[in-house]
Amino acid sequence: MELNREENVMLEGGVEKTSSPWRNIWSELVKNKAAMVGLSIIVILILIALFGKYLMPYDPNTGVLAESLQKPSSAHIFGTDEQGRDIFSRIIDGTKISLRVGITAVAIALTAGIIFGSFAGYYGGKIDMYIMRLMDIILAFPSLLLAIAFMSALGKGIDKAIIAISIVTIPEYARIVRGSILSVKENEYVQAAKAIGNNDMGIIFKHILPNVMSPIIVRATLGISTAILETSALGFLGLGIQPPQAEWGSMLGAGRGYFYNAPHIVLFPGIAITITVLAFNLFGDGLRDALDPKLRK
Amino acid sequence: MVKYIIKRLILLIPVLLGVSIMVFVVMHVFQADPASIILGQHATAEQIEKLRQELGLNNPLYVQYWDFLKGALQGDLGSSLITKTPVVKEILSRFPATIELALAAIIIASIFGISIGVISAVKQNSIVDYIGMVFALLGVSMPIFWLGLILIVIFAVQMHLLPVAGRIQIGLEPAHITGFYLIDSLLTGNMASFKSALSHIILPAVALGSYSTAIIARMTRSTMLEIIGQDYIRTARAKGLVEKVVILQHALRNALIPIITVIGLQLGSLLGGAVLTETVFSWPGVGSYTVEAILKSDYPVVQGAVILLAVVFVLVNLAVDLLYAYLDPRIKYS
């Protein structure tokens with residue numbers, strides 16, 4: 001994000017006024033209605049994840065078999081599943097898992113991608129070649145297929161799903177970081193930082209990275225939606241989060257055997273996934289527009 | 001051009017070697033002991049040890065990898081732990097089903113994606129544009145396996161318009177020529193088979209292609225908007241050309257290079273999505289076979305299928321790169 005101080009100095013009524021780059025981005029973002037809708041949904045989802053236990057009318061993991069596969073009613077607004085569990089409570093409970101996996105997987109992949117991409121871009125030469133060839137190998141797989149292969153080897157469970165999804169997305173971040181670093185590493189401020197005796201780590205993390213963060217932030221926001229979709233896909237295939245814990249994808253997977261007679265069993269978890277992914281996509285798109293000066297009106 | 005293709009193919013060798021090493025290591029280091037899987041829960045330690053010796057599992061990992069690589073280069077990816085049949089044979093028999101589904105999905109995605117994108121661009125900021133873009137946004141946000149289930153409920157269970165699952169009605173399989181049922185039934189003039197194969201492929205192809213439709217629509221819209229604003233389009237209009245000719249022959253033709261690239265890249269990613277769609281629709285392809293193998297811990301099958309799909313993915317992406325270089329005269333081969 002090459003938002004130098006000079007760019008943020010605006011002349012208003014002949015008076016020089018300084019505004020922070022983040023305030024500029026926020027003011028751009030606020031104008032984008034779709035992005036604001038996305039952000040509002042994300043905030044609501046976070047609140048549900050944090051305080052969901054107060055919203056759940058029933059225990060999400062305990063069911064009454066005599067009440068299985070009930071259609072939506074006033075007692076169970078989203079109906080019940082094959083084990084008589086309240087689908088609404090399970091969807092509320094599943095929110096924290098989806099957000100946790102999505103955000104943690106992106107955080108891990110982003111950290112690893114920043115380290116690999118920074119080293120490759122800054123040092124170049126053989127380090128660059130080895131790192132990027134490794135990234136090419138990971139990119140040689142359709143990402144979901146590689147995540148499935150990792151899950152089949154690592155075993156089932158939430159932590160393993162996070163690891164699998166992180167590994168397959170590292171190259172995306174590494175490539176963006178490397179490209180951004182290559183574009184700025186010959187700039188004067190980097191040369192100046194070198195000249196005054198900063199060490200390599202200081203130059204990379206204190207001087208270069210803060211200036212190339214915008215494409216990385218946008219990719220990470222959109223990456224959360226991909227991670228949530230992949231988590232649900234692993235759950236659907238029976239490889240992700242294990243029962244009885246509620247996770248939207250595994251709810252869909254478990255409901256497959258019953259959905260001819262009880263379509264509600266797959267309808268609501270799917271809507272929950274779609275709304276969550278949509279929210280991150282809307283916000284990510286808006287963030288990209290706000291951070292890209294070329295798109296500003 | 002030939003030199004460039006050869007160079008790109010040579011560069012693929014280290015990537016493919018890396019792919020095989022990665023899959024092999026992941027499968028052998030983290031996977032449960034194959035000898036225990038074959039012998040089951042009641043096997044004694046001696047029996048397991050004896051089988052490990054026979055399978056070469058006590059050899060160092062690099063020796064096992066070398067043996068695997070020698071076999072793979074001769075077309076031998078080992079045998080299924082469950083059925084004992086050669087993995088390559090099993091995968092190849094299912095491969096046409098996966099490719100047929102992926103091609104049907106990309107055809108549907110291209111037709112709808114380009115149409116939506118062009119209409120949205122021409123009618124920018126109108127209600128049609130908004131509807132098109134909301135559709136595109138939903139397409140990238142919806143899990144394809146969920147869309148598959150919903151399509152089954154609506155079109156198969158409720159309306160009885162299309163079959164619930166499978167590739168063709170049992171007993172109607174056409175004579176094997178290419179392995180693609182739609183083509184084989186046409187080649188043999190078997191219209192009953194063709195109708196059955198067509199009705200079976202529509203829902204899975206729509207579900208699998210939904211994400212790609214959305215991506216192609218967004219790409220087409222943004223490329224078309226960029227082109228419509230250029231001088232030569234204004235000139236074409238000023239010459240008095242009909243709007244349809246301006247849009248389809250002048251604008252769309254120039255927008256096709258990036259659109260074709262996106263379509264090609266989507267074709268590769270459909271191979272990953274096929275795992276999910278095939279599972280939902282019980283489509284007898286490589287994807288559903290891989291999932292079945294994972295659930296049964298049949299690691300040679302998983303290993304073989306993942307490597308094969310990765311090879312196809314890499315080759316498709318290379319073909320797209322080459323096509324892009326061929327179509328765009330500004331790109332030089334070097």
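FYI, side chains are in, hydrogens and waters are out, and symmetry mates aren't considered; it's all heavy atoms of this structure. Computed from a predicted model, the values in this text were never measured in an experiment. Numbered from 1 within each chain, the chains take letters A, B, ... in sequence-line order.
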**Request:** Identify which of A:Asp285, A:Leu134, A:Leu144, A:Leu278 forms the greatest number of heavy-atom pairs closer than 4.5 Å to chain B.
**Result:** A:Leu278
**Asked** Which heavy atom in B:Leu271 sits nearest to a heavy atom in A:Pro142, and how many Å separate them?
**Response** CB-CG, 4.4 Å
**Request:** Indicate yes or no: at least one non-hydrogen side-chain atom of B:Ile294 is less than 4.5 angstrom from one of A:Met151.
**Result:** no
**Message:** Report which part of A:Ser232 has an atom under 4.5 Å of a heavy atom belonging to chain B: side chain, backbone, both, or neither.
**Reply:** both
**Item:** Proximity breakdown for B:Val311 and chain A, heavy-atom pairs closer than 4.5 Å
**Value:** neither
**Complete:** Whatever's closer than 4.5 Å to a heavy atom in chain B on A:Ile137 counts as both
**Request:** Please determine, among B:Leu147, B:Val153, B:Val19, B:Val15, the option with the most heavy-atom pairs under 4.5 Å with chain A.
**Result:** B:Val19
**Prompt:** Any side-chain heavy atom of B:Leu295 within less than 4.5 Å of one from A:Leu237?
**Reply:** no
**Message:** Please find the pair of heavy atoms, one from A:Phe236 and one from B:Leu276, that lie closest to each other, and give the distance.
**Reply:** CD2-CD2, 4.2 Å
**Asked** So what's closer than 4.5 Å to chain A heavy atoms on B:Val291: side chain, backbone, both or neither?
**Response** side chain
**Message:** Let's test your reading of the structure: which of A:Gly253, A:Ala233, A:Pro263 forms the most heavy-atom pairs below 4.5 Å with chain B?
**Reply:** A:Ala233
**Asked** Can you tell if the side chain of B:Ile152 reaches within under 4.5 Å of the side chain of A:Phe259, non-hydrogen atoms only?
**Response** yes
**Message:** Exactly one of B:Val23, B:Leu309, B:Ile307 should register a side chain to side chain contact (heavy atoms under 4.5 Å, CB included) with A:Phe141. Which one does?
**Reply:** B:Val23
**Asked** Would a 4.5 Å heavy-atom cut-off, applied to side chains only, mark B:Met22 and A:Ile138 as touching?
**Response** yes
**Request:** Answer whether the closest heavy-atom distance between the side chains of B:Val26 and A:Leu154 falls below 4.5 Å.
**Result:** no
**Request:** Side chain from CB out, backbone as N, CA, C, O: work out which of these in A:Leu282 comes under 4.5 Å of a heavy atom of chain B, or both, or neither.
**Result:** side chain
**Message:** To the nearest 0.5 Å, what is the distance between OG on B:Ser141 and CG on A:Leu229?
**Reply:** 7.5 Å
**Message:** Taking CD in B:Gln230 as the centre, count heavy atoms belonging to other residues, nucleotides or ligands within less than 6.0 Å. Is the count above 12?
**Reply:** yes
**Neighbour count >12 (heavy atoms, 6.0 Å) for atom CZ, A:Arg175** = no
**Asked** Which one, A:Ile271, A:Leu146, A:Asp136, leads in non-hydrogen pairs under 4.5 Å with chain B?
**Response** A:Ile271
**Item:** Closest approach of B:Met27 to A:Ala149 (non-hydrogen atoms, all atoms of both residues)
**Value:** CE-O, 3.8 Å
**Message:** Please classify the contact of A:Leu239 with chain B as side chain, backbone, both or neither, using a heavy-atom distance under 4.5 Å.
**Reply:** side chain
**Message:** Please determine whether side chain to side chain contact (heavy atoms under 4.5 Å, CB included) holds for the pair A:Tyr260 and B:Val164, giving the CA-CA distance in whole Å, both sets of side-chain angles, and the decisive distance to 0.1 Å.
**Reply:** CA-CA 10 Å; A:Tyr260 291 175; B:Val164 170; 2.6 Å; yes
**Request:** Flag yes if more than 12 heavy atoms outside B:Phe313 fall under 6.0 Å of its CZ atom; otherwise flag no.
**Result:** yes
**Within 6.0 Å of CZ in A:Arg100, more than 12 heavy atoms from elsewhere** = no
**Request:** Heavy-atom distances under 4.5 Å only: say whether B:Val312 touches chain A with side chain, backbone, both or neither.
**Result:** neither
**Prompt:** Near B:Phe135 CZ, under 6.0 Å, is it more than 12 heavy atoms from other residues, nucleotides or ligands?
**Reply:** no
**Complete:** Whatever's closer than 4.5 Å to a heavy atom in chain A on B:Val157 counts as side chain
**Item:** Side chain B:Trp146, main chain A:Val266, donor-acceptor under 3.5 Å
**Value:** yes
**Message:** For B:Leu137, which atoms come within 4.5 Å of any heavy atom of chain A: side chain, backbone, both, or neither?
**Reply:** both
